[in-house]
Amino acid sequence: MTTMIFPGQTIGIIGGGQLGRMMALSAKEAGFKVAVLEPTMDSPCGQVADICIVAPYDDEAALEELASVSDVITYEFENIDYEGLKRLTEIAYVPQGAELVRITQNRVTEKEAIVKAGCPVAPYFVVDTYDDLVTHIDKIGYPCIVKTARGGYDGKGQQRLNSIDDLPLAKGLIEHSQCVVESFVPFNMEISVIVQRNGLGETYCLPVGENIHVHHILHETIVPARISNDTLNQAEQAAIKIADHLQLIGTLAVEMFVLKNGDIIINELAPRPHNSGHYSIEACNISQFGQHIRAICGWPLRKPVLWAPSIMVNVLGQHVVPLTNNISKYPDWSVHLYGKDKAKVNRKMGHVTIMTNNVELTLDEIEKSGIWSE
Ligand code: AMP
């Protein structure tokens, strides 16, 4: 049995960024009310929510207030305070639980969970000191990557080491926190599978996306990913295995590398809707946000259908002005801007989704537009 939440009731969201905003917009479409807890005023989610609680994510009184106004609580990012979330599960309905956040907040517990689910990760060692790194690095070999166990994103908190001469470059990371050192994977492609599951165990993957990063930040997602059927099966089966192992309720994004021979290796997990799933707003019969709301509200899930191949391009701070200056040239582009006021360089300000019957031609059009040249 799962609890069903109905339109008219209130969904509480921890985190006021773009993921919260797009969750809230989906929820509002179905007639739910939305409350958000976020420390900044006028946040992307706050702008579309019915109730805004402006306070730090770990503020006990604020969490209690969120609990008192919400019939169900979810979160839009994983770096929330685990203890606070755990306490929240005792006073509010948090169907996703706190355990998934605990596991995915730390690369060590995350990799252990992936391995326990029976899925492949790059060879790795946990390192607590610089001496540990020196000891283990021979077994891993070069090139390798040192990543902080906690808090890294968009390439932050990691250091690639190409040879023994680079070893000192990792000193700063290890002095500050526990790390993992992992083999550099000579991948052909990066893909992500967004898997969603409700309390009844109904599980669906969204069409698999091919991800292109620029300076470690997601630039484009191409859907469907240009992979073989065998790789597609491997990717979906791995995501479903991990979702089952973690008894997922809600959304899990599984980032993977595709090797030359078509095999996959899991890189990392995100326990929430993911940037690479934004295309689903226009290109699928159910978006990642709509499905997430259904999952946490105990509704039956919909089997995702892709209407047409699609490309999602991120709009960073430096792309906003060129994009808005060129909107009139591209009537077929779906433009999303998240309502952030400061368009800082490399800050995610929005995205564009383009449905197309000719991916190569559209990739060319995106490049020739000049909008993303910086
Ligand atoms: P992460 O923070 O783990 O998602 O890493 C950010 C990006 O760094 C990934 O999307 C990859 O492009 C690259 N990367 C991370 N780990 C590895 C690895 N073991 N081998 C090769 N590239 C990696």
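Every value quoted in this text rests on a predicted model; they were computed, and no experiment measured them. Both ligands and their constituent atoms are indexed starting at 1 by order of listing. Residue numbers start at 1 and run along the sequence shown. Note that these values count all heavy atoms, side chains included, but never hydrogens, waters or copies made by symmetry.
Not close to ligand 1: Cys144, with no non-hydrogen atom less than 4.0 angstrom away. Put simply, part of Lys147 is less than 4.0 Å from ligand 1, judged by heavy atoms.
Near Gln158, meaning under 4.0 Å from one of its heavy atoms, ligand 1 places the atoms 1 (P), 2 (O), 3 (O), 5 (O), 6 (C), 8 (O), 15 (C). Listed by number with element, the atoms of ligand 1 under 4.0 angstrom from any heavy atom of Glu182 are 16 (N), 17 (C), 18 (C), 19 (N). For ligand 1, the atoms sitting less than 4.0 Å from at least one non-hydrogen atom of Glu255 are 4 (O), numbered in the order shown with element in parentheses.
Looking at Val185 next to ligand 1, an N or O pair under 3.5 Å apart turns up.
Only the side chain of Ile145 comes within contact range of ligand 1, with a heavy atom under 4.0 Å; no backbone atom does. Contacts with ligand 1 closer than 4.0 Å are made by no heavy atom of Pro186, backbone or side chain. For Arg107, every heavy-atom contact with ligand 1 shorter than 4.0 Å involves the side chain, none the backbone. The proximity of Asn267 to ligand 1, defined as any non-hydrogen pair under 4.0 Å, is limited to the side chain.
The aromatic rings of Tyr338 and His278 sit perpendicular to each other, their planes meeting at more than 60°, with 30° as the lower class boundary. Classification of the His219-Trp372 ring pair by plane angle, with boundaries at 30° and 60°, yields perpendicular.
When hydrophobic clusters are built by joining Ile, Leu, Val, Met, Phe, Trp and Tyr residues whose side-chain heavy atoms come closer than 4.5 Å, directly or via intermediates, Val335 is grouped together with Ile366.
For the residue pair Glu220 / Asn211, no side-chain donor-acceptor distance below 3.5 Å is found, with atom types taken as modelled.
With Glu190, His213, Glu110, Met256 as candidates, the residue nearest to atom 9 (C) of ligand 1 on a non-hydrogen basis is Glu190.
Tested against Tyr57 for a ring-ring contact (aromatic ring centres under 6.0 Å, His included), the candidates Tyr82, Phe77, Tyr75 yield a single pass: Phe77.
For Asp50 and Lys28, the salt-bridge test passes: some basic side-chain N is under 4.0 Å from an acidic carboxylate O.
In this structure a side-chain-to-backbone donor-acceptor pair under 3.5 Å is missing from Asn326 to Lys329.
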